[in-house]
Amino acid sequence: MTYAKFPNLRMRRLRQNSNILSLVQENNLETTDLIWPIFLTDETNKMVEIKSMPGVYRYSLDGILKQAEKANELNIPAIAIFPKISDSLKDEKGSEALNSKNLVCNAVKKIKLNFPDLLIVCDVALDPYTQHGHDGIIINNKIDNDETNKILSEQSLILADSGCDIIAPSDMMDGRIKLLRETLEKNNFKDTIILSYAAKFASSYYNPFRDAINSGKNLGESGKRSYQMNPANSNEAINEIALDINEGADIVMIKPCLPYLDIIYMASKKFTIPCFAYQVSGEYSMIMAGVNNGWIDKEKLVSETLLCIKRAGARAILTYFAPYIASEIIKRK
Ligand code: PBG
């Protein structure tokens, strides 16, 4: 490639005003890029703010319908729901995950009845339901991969049966996509989409989420490092993603986002199925801490981070800022 040299080529010619800037802009943020994660609680209070995530609430079954309505009005294509259940319903095996009348299943049914076109994403993992807060069950002091997979495949069936459109296994067990896909096919859920949390790193950015669903206090010193990925590795992420695609994932996800843009970039160049990214709770909280201290401009920083995630190659983004972006940023453009 040959380029003219200065002064024939002046890069600033294309930065003179917002019209020319917008014509040459390579990436855009649209409402159709967004998935909105929403917390659900079995408490009766309609909405309770999560301390470590200012501006993010847990909603009761009554309250969540309003949020679904809001997503619908804003044209956000999908919501992801995460339950916080009371401690009294938790046990060692996460049995409540397999109750077809549990909080998530009830919410999915209710939302689908009112807003049939709004896509619903549900996590497949046991952490909201186990006393220890791990995503799998513990046998002989280890998170048992294969026994966990059996429970996760039952959990997927229950979710699909409630009307969940997109099953999102976030547990990082080996071989679970294959088992989930087989189970869904066998039970005639042929159109249920699997969005695999394929490259999920063992990250400290998840702490506010664990506050939100009250799953963090008993995790123990080593946390989730025996199943989530080591942040030092990128080749391993490619292997994880390739495995999940081969096992039957329709979409893969990388998480967190900002410190992992290299992974998003590599994955989106290498694989031709859609790669999504999750701007996680800690990323949200850090931005909001800056905003609430008056240190940074919320609108500019939120737009910048999400645009950078798209530039790296994410096709869609799960972000707690989804309603803010859709209502405050994109609508005004
Ligand atoms: C649980 C799950 C986690 C997130 C999504 N699903 C947390 C974890 O693995 O402990 C993190 C989301 C966030 O931090 O916003 N399987």
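When a ligand or atom number is given, it counts from 1 through the structure's own listing order.
- The nearest protein atom to atom 4 (C) of ligand 1, hydrogens excluded, is given as K255 NZ, 2.6 Å; this is a heavy-atom distance.
- The residues D42 and K84 are annotated as not salt-bridged, no charged nitrogen and carboxylate oxygen being separated by less than 4.0 angstrom.
- Within ligand 1, the atoms closer than 4.0 Å to a non-hydrogen atom of Y206 are 8 (C), 9 (O), 11 (C), 14 (O), numbered from 1 in the order shown.
- The closest protein non-hydrogen atom to atom 14 (O) of ligand 1 is S281 OG, 2.7 Å.
- Nearest protein heavy-atom contact of atom 8 (C) of ligand 1 is K224 NZ, 3.2 Å.
- Remark: K112 NZ is packed, more than 12 non-hydrogen atoms of other residues, nucleotides or ligands lying under 6.0 Å away.
- Under the side chain to side chain contact (heavy atoms under 4.5 Å, CB included) criterion, A232 pairs with N230, sequence neighbours left out.
- Regarding atom 6 (N) of ligand 1, its nearest protein heavy-atom neighbour is D123 OD2, 2.9 Å.
- Atom 12 (C) of ligand 1 has as its closest protein heavy atom F209 CD1, 3.3 Å.
- Ionic pairing of K200 and D171 is not present here: no N-O contact between side-chain nitrogen and carboxylate oxygen is shorter than 4.0 angstrom.
- Listed by first and then second residue, the salt bridge (charged side-chain N to carboxylate O under 4.0 Å, His left out) pairs that reach into residues 261-277 come to none, sequence neighbours excluded.
- Set against the non-hydrogen atoms of D127, the atoms of ligand 1 under 4.0 Å away are 1 (C), 2 (C), 16 (N).
- Of all protein heavy atoms, the one lying nearest to atom 16 (N) of ligand 1 is S170 OG, 2.7 Å.
- In this structure, Q228 is part of the shell of residues with a heavy atom less than 4.0 angstrom from ligand 1.
- Ligand 1 is approached by Y320 to a heavy-atom distance shorter than 4.0 Å.
- Remark: K93 NZ is loosely packed, at most 12 non-hydrogen atoms of other residues, nucleotides or ligands lying under 6.0 Å away.
- Heavy atoms of D171 found under 4.0 angstrom from ligand 1: none, in either backbone or side chain.
- Listed by number with element, the atoms of ligand 1 under 4.0 Å from a non-hydrogen atom of D135 are 1 (C), 16 (N).
- Per-residue contacts place A125 under 4.0 angstrom from the following atoms of ligand 1 (heavy atoms of the residue considered): 16 (N).
- Within the 4.0 Å heavy-atom shell around ligand 1 one finds K200.
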Start with the C-alpha gap between Y206 and Q228, add the side-chain angles, then the distance that decides, and say whether side chain to side chain contact (heavy atoms under 4.5 Å, CB included) holds. CA-CA 12 Å; Y206 307 150; Q228 298 180 351; 3.5 Å; yes
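- Ring pair Y320/F39 is parallel by interplanar angle, where below 30° counts as parallel and above 60° as perpendicular.
- A 6.0 Å sphere centred on OH of Y265 holds no more than 12 heavy atoms belonging to other residues, nucleotides or ligands.
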